[in-house]
Amino acid sequence: MTPADIQKLFALSGQRAVVTGASRGIGARAAQVLDAAGASVALIARSEPDLRDVAATLTNEPLVIVADLGDRSFAARVAGQLEGAWESVDILVNNAGLARPKASLHLTLNDWDNILDINLRAAFSLCQLVGGGMLRRQYGRIINVASVLGLIGDAWAAPYAASKSGLVGLTRSLGVEWASAGVTVNALCPGWIETDMVTDLQKNAEFDTRVTRRTPVHRWGRVEDLDAALLLLASPNSAFLTGQTIVVDGGLTAGW
């Protein structure tokens with residue numbers, strides 16, 4: 001195998017990718033990585049200014065879609081915009097997520113519904129939305145961004161952990177159901193990653209120490225730590241990898 005062959009392993013030229021929660025953090029980085037690999041990217045999130053900022057960092061002309069994934073009617077609007085711009089979708093990254101740390105006894109059903117709607121229901125809706133086309137074309141790569149809290153759980157995170165566990169289960173089921181049609185479905189499970197979502201937690205000295213002590217590499221993860229796993233799961237060469245959960249957590253769950 002030559003160096004050129006190695007480079008081609010992760011080339012995504014001509015591919016079209018949808019990334020949710022693309023306005024910041026892991027989603028923004030995922031969009032940039034897929035763009036750098038040659039894909040055209042549709043960015044989906046609630047904040048148009050933030051999406052425009054991310055779009056300005058991309059090389060290929062992106063598609064910007066402003067949508068609140070917590071609104072149960074969002075899928076029809078997203079479908080219309082995708083169909084109006086693209087013939088097909090090759091890669092879907094379900095990254096949008098909501099966390100609302102709160103003691104379980106103080107959670108409201110509205111809290112529960114909001115988190116489950118964005119983290120799990122919206123992901124399934126988008127899998128349905130693009131999955132039909134992928135199945136017809138006998139090709140597709142779906143990457144569901146879950147979390148280590150969907151594997152090990154933690155205090156003050158009941159709906160978040162439940163939604164991420166559900167996303168792992170959804171991944172396994174769709175991975176089995178769609179494998180014979182050339183559509184792979186995998187979950188990417190990050191550990192504690194430095195993003196805007198956890199800024200307040202990082203500022204808490206006790207929590208910061210807890211994370212770094214429990215993580216065998218003794219640091220928080222960075223969004224770029226997910227690049228290689230993302231490219232692997234998005235690649236045409238990952239055809240024999242489906243229904244799996246790829247954990248990128250600095251060894252956290254291995255030593256739990």
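All values reported here derive from a predicted model rather than from experimental measurement.
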Electrostatic pair R24-D50, nearest N-O below 4.0 angstrom | no
Just by distance, do the side chain of K164 and the backbone of V145 share a donor-acceptor pair under 3.5 Å?
-> yes
Is I91 linked to I26 within one hydrophobic cluster, defined over Ile, Leu, Val, Met, Phe, Trp and Tyr using a side-chain heavy-atom separation of less than 4.5 Å?
-> yes
Of all heavy-atom pairs between M134 and D90, which one has the smallest distance, and what is that distance?
-> CE-O, 3.4 Å
F74 with V130, same ILVMFWY side-chain cluster at under 4.5 Å = yes
Contact summary for A234 and L12, nearest pair of heavy atoms | O-CD2, 3.6 Å
Which donor-acceptor pairs under 3.5 Å do side chains of residues 239-246 form with protein atoms, sequence neighbours excluded?
residue : atom : partner : partner atom : Å
T242    : OG1  : V185    : N            : 2.9
Q244    : NE2  : T242    : O            : 3.1

Run the numbers on L116 and R121 for side chain to side chain contact (heavy atoms under 4.5 Å, CB included), then give the verdict.
-> CA-CA 6 Å; L116 269 289; R121 190 181 191 279; over 6 Å; no
Quick one: are D249 and T215 in side-chain contact, heavy atoms under 4.5 Å?
-> no
Minimum heavy-atom distance R100-L98, with the two atoms named = NH2-CD2, 3.7 Å
Which side-chain N or O atoms in residues 165-179 pair as donor and acceptor under 3.5 Å with protein atoms at least two apart or in another chain?
residue : atom : partner : partner atom : Å
S165    : OG   : G150    : O            : 2.7
S165    : OG   : A161    : O            : 3.0
T171    : OG1  : N144    : ND2          : 2.9
T171    : OG1  : L167    : O            : 2.8
S173    : OG   : G169    : O            : 3.4

Can you measure from CH2 (W112) to CG (N114) and round to the nearest 0.5 angstrom?
-> 12.5 Å
Near Y139 OH, under 6.0 Å, is it more than 12 heavy atoms from other residues, nucleotides or ligands?
-> yes
Check: P236 main-chain N/O paired with R141 side-chain donor or acceptor under 3.5 Å = yes
Hey, are the side chains of N94 and C127 touching, using non-hydrogen atoms and a 4.5 Å cut-off?
-> yes
Does atom CD of Q138 have more than 12 heavy-atom neighbours from other groups under 6.0 Å away?
-> yes
Between T212 (side chain) and T209 (backbone), is there a donor-acceptor pair under 3.5 Å?
-> yes
Qualifying residues under ring pair (Phe, Tyr, Trp, His ring centres under 6.0 Å), relative to W220, sequence neighbours excluded | W192
Hey, any chance L43 and L34 share a hydrophobic cluster, counting ILVMFWY side chains that come within less than 4.5 Å of each other, even indirectly?
-> yes
Are I65 and L51 connected in the hydrophobic side-chain network, where two residues link if heavy atoms are under 4.5 Å apart?
-> no
Determine yes or no for a side-chain-to-main-chain donor-acceptor pair under 3.5 angstrom, with D5 supplying the side chain and T2 the backbone.
-> yes
To the nearest 0.5 Å, atom CD of E194 lies from atom CZ of R219 at 8.0 Å
What pair of heavy atoms forms the shortest contact from G21 to N95, and how long is it?
-> O-ND2, 3.2 Å
Cluster link L69 to L63, ILVMFWY, side chain under 4.5 Å | yes
Which heavy atom in V223 sits nearest to a heavy atom in D227, and how many Å separate them?
-> O-OD1, 3.7 Å
Starting from the C-alpha separation in whole Å, work towards a yes-or-no answer on side chain to side chain contact (heavy atoms under 4.5 Å, CB included) for L58 and Q32.
-> CA-CA 6 Å; L58 305 185; Q32 291 162 347; 3.8 Å; yes
Going from CG on D68 to OG on S47, what distance comes out if it is rounded to the nearest 0.5 angstrom?
-> 12.0 Å
With side chain to side chain contact (heavy atoms under 4.5 Å, CB included) as the test, would you mind laying out the steps for L230 and V93 before giving the verdict?
-> CA-CA 9 Å; L230 174 74; V93 181; 4.3 Å; yes
Side chain to side chain contact (heavy atoms under 4.5 Å, CB included) between D111 and K102, intermediate numbers included | CA-CA 9 Å; D111 292 330; K102 188 181 290 187; 2.9 Å; yes
At what distance, to the nearest 0.5 angstrom, does CD1 of I142 lie from CG of L92?
-> 5.5 Å
Determine yes or no for a side-chain-to-main-chain donor-acceptor pair under 3.5 angstrom, with D208 supplying the side chain and A205 the backbone.
-> no
Determine yes or no for a side-chain-to-main-chain donor-acceptor pair under 3.5 angstrom, with R77 supplying the side chain and V66 the backbone.
-> no
Inter-residue atom distance L9.CG - S235.OG, 0.5 Å rounding = 6.5 Å
Neighbour count above 12 (heavy atom, 6.0 Å) for R46 CZ | no
To the nearest 0.5 Å, atom OG of S147 lies from atom CD1 of I152 at 8.0 Å
What do the steps show when you test E206 against R210 for salt bridge (Lys or Arg N to Asp or Glu O under 4.0 Å), and what is the final call?
-> CA-CA 6 Å; E206 181 180 351; R210 177 170 173 254; over 6 Å; no
Taking all non-hydrogen atoms of both residues, which atom of V64 and which atom of A55 are closest, and how far apart?
-> CG2-CB, 4.1 Å
